[in-house]
2 protein chains.
Amino acid sequence: MSARNPDTKAEILRIGKQFIQFYGYNAFSYADIARELNVKNAAVHYHFRGKEDLLMALIDNYIENYQLLAKQLQHSKITAIGKLEKFIEPYSCLCESDSICIIGSIASDYNTLPESVKAKISALIDLVMGMVEQTLAEGKKHGELHFSETARTQALLIMTNLAAGVQLARISGKKDYTIIRKALIKQLKG
Amino acid sequence: MSARNPDTKAEILRIGKQFIQFYGYNAFSYADIARELNVKNAAVHYHFRGKEDLLMALIDNYIENYQLLAKQLQHSKITAIGKLEKFIEPYSCLCESDSICIIGSIASDYNTLPESVKAKISALIDLVMGMVEQTLAEGKKHGELHFSETARTQALLIMTNLAAGVQLARISGKKDYTIIRKALIKQLKG
DNA sequence: CAAAAAACTTACTTATTAGTAAGTAACTCT
DNA sequence: AGAGTTACTTACTAATAAGTAAGTTTTTTG
């Protein structure tokens with residue numbers, strides 16, 4: 001009867017990510033994922049023992065993708081602004097689908113998570129913040145970007161604008177996100 | 001046996017607020033509140049028919065408090081920076097207790113909420129944003145504050161910095177929140 | 001002081017959740 | 001072709017969740 005599907009594991013990750021970004025980590029169940037994929041909930045447990053294993057795998061994915069991006073940007077000739085766009089674009093996409101970034105979503109449920117997840121999400125943040133900081137520092141050094149704070153502080157300001165920007169957009173409208181995004185870029189260009 | 005307590009309703013609101021800020025809206029139950037207050041879960045249902053009624057009451061509280069603050073600030077002689085501190089201080093307090101602001105918390109669970117709650121949280125945001133915007137505009141007019149964006153845009157930037165700042169602090173440490181807060185004030189003072 | 005209202009508890013029900021043990025079908029490798 | 005492995009389903013359990021109806025006690029009020 002049921003066609004065997006070699007992609008179920010990847011599909012579970014895709015749907016899980018979508019649910020976290022759209023509903024929040026504590027607002028969906030394995031049954032929800034199963035329903036979406038037309039499998040039984042035991043199938044989800046087969047691929048990921050529990051919800052936190054799924055979350056761990058998801059964060060691992062993010063870390064891998066950002067590490068890949070880091071390598072791609074390493075020796076590329078694109079401008080600092082161009083690099084920054086690579087960090088901003090995902091937020092713009094999230095905004096379009098009334099979703100929020102996984103870090104912001106997890107931050108809300110942070111105190112319900114096991115230490116293993118907390119450590120991994122912390123590692124993801126360090127990775128992304130480090131990349132943004134470095135991009136800002138380079139851009140400033142080359143006279144392309146302008147800001148008065150340290151690169152680290154400026155990275156904190158920008159990323160919090162984006163993260164809360166998509167959250168706010170959900171409630172008060174996408175226009176607010178756009179205002180924030182444009183203001184950020186304008187200020188950096190000086 | 002059980003002492004009748006005239007404050008139970010207020011206590012439920014207090015604990016509910018605390019739980020939303022610490023664990024997230026979809027991560028606690030009426031049973032959790034009941035346990036904390038040493039009553040039965042039916043007692044919680046007696047005061048608030050359901051979880052969304054509790055949330056509605058909580059948001060109403062916030063709206064009342066901000067309206068009160070608006071009146072207090074209206075004709076007071078404190079500086080614009082002093083007024084802004086009134087908006088910043090609650091975030092600093094939240095950060096101290098590893099909690100996040102209720103708007104950020106609700107933003108994560110936004111797509112699981114009924115329209116009634118969505119409308120009310122939107123009204124709260126409009127109220128707060130309006131107050132911050134006005135404070136910024138006045139401060140700029142009097143030469144006390146310095147920023148290049150419109151007051152509305154600057155208000156968006158500041159509030160998103162604060163909201164995501166406390167979220168980030170939970171994961172990567174309170175120091176990051178402090179960096180953000182100090183940078184904001186420094187920039188506004190010009 | 002009697003009646004009514006307020007603030008609960010007791011004792012349920014129904015639905016959802018996470019999770020598991022055992023079985024089955026299909027594919028893979030030798 | 002047969003043995004093992006993968007990817008599931010069936011069929012449960014135990015715990016938690018929201019919610020409610022009916023009864024009890026305490027306080028207020030006419």
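In what follows, chains carry the letters A, B, and so on, assigned in the order in which the sequence lines appear, proteins first and then strands, with residues in each chain numbered from 1.
Each of D:dT9, C:dT9, C:dA7 was ranked by its minimum atom distance to the side chain of B:His47; first place goes to C:dA7. Of all nucleotides listed (D:dT9, D:dT6, C:dC8), D:dT9 comes nearest to the side chain of A:Val39. For B:Ala42, whose side chain is taken as the heavy atoms from C-beta onward, the closest listed nucleotide among C:dC8, C:dT9, D:dT9 is C:dT9.
If you take CG of B:Asp7 and P of C:dA6, they are 17 Å apart, rounded to a whole angstrom. Atom-to-atom, CD1 of B:Ile12 to C1' of C:dC8 comes out at 11 Å; the value is rounded to the nearest Å. We find that CG of B:Asn38 is positioned 12 Å from P of C:dC8, with the value rounded to whole Å. One atom, CG of B:Leu54, and another, C1' of D:dA17, lie 15 Å apart when rounded to the nearest Å. Spacing between atom CG of B:Leu37 and atom C1' of C:dC8 amounts to 13 Å, rounded to whole angstrom units. For the pair B:Tyr46 OH and D:dT24 P, the interatomic distance rounds to 17 Å; values are reported in whole Å. A straight line from CD of A:Glu52 to C1' of C:dG19 spans 13 Å, rounded to a whole angstrom. The NZ atom of B:Lys40 sits 17 Å away from the C1' atom of D:dA22 (whole-angstrom rounding).
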Set out, line by line, the N/O atom pairs under 3.5 Å between protein and nucleotides 14-18 of chain C.
| residue | atom | partner | partner atom | Å |
| --- | --- | --- | --- | --- |
| C:dT17 | OP2 | A:Ser29 | OG | 3.3 |
| C:dA18 | OP2 | A:Tyr30 | N | 3.0 |

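Proximity of A:Arg14 to A:Gln18: side-chain heavy atoms (C-beta onward) are separated by under 4.5 Å at one or more points.
Ring geometry, B:Tyr30 versus B:His45: the interplanar angle falls from 30° to 60°, so the pair is classed tilted. Classified by interplanar angle (parallel below 30°, tilted 30° to 60°, perpendicular above 60°), the ring pair A:Tyr62/A:Tyr66 is parallel.
Nearest heavy-atom pair across A:Cys95 and A:Ala169 is SG-CB, 3.7 Å.
A single hydrophobic cluster is not seen to contain both B:Tyr46 and B:Leu37; linkage of ILVMFWY side chains at heavy-atom distances under 4.5 Å, directly or through other members, places them apart.
A salt bridge is defined here as a Lys NZ or Arg NE, NH1 or NH2 lying under 4.0 Å from an Asp or Glu carboxylate O, and A:Lys141 with A:Glu138 fails to meet this definition.
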For a quick test of your reading: what N or O donor-acceptor pairs under 3.5 Å do the side chains of residues 111-118 of chain A make, sequence neighbours left out?
| residue | atom | partner | partner atom | Å |
| --- | --- | --- | --- | --- |
| A:Asn111 | ND2 | B:Phe22 | O | 2.8 |
| A:Asn111 | ND2 | B:Asp98 | O | 3.3 |
| A:Thr112 | OG1 | A:Asn26 | ND2 | 3.1 |
| A:Thr112 | OG1 | A:Asp109 | O | 2.7 |

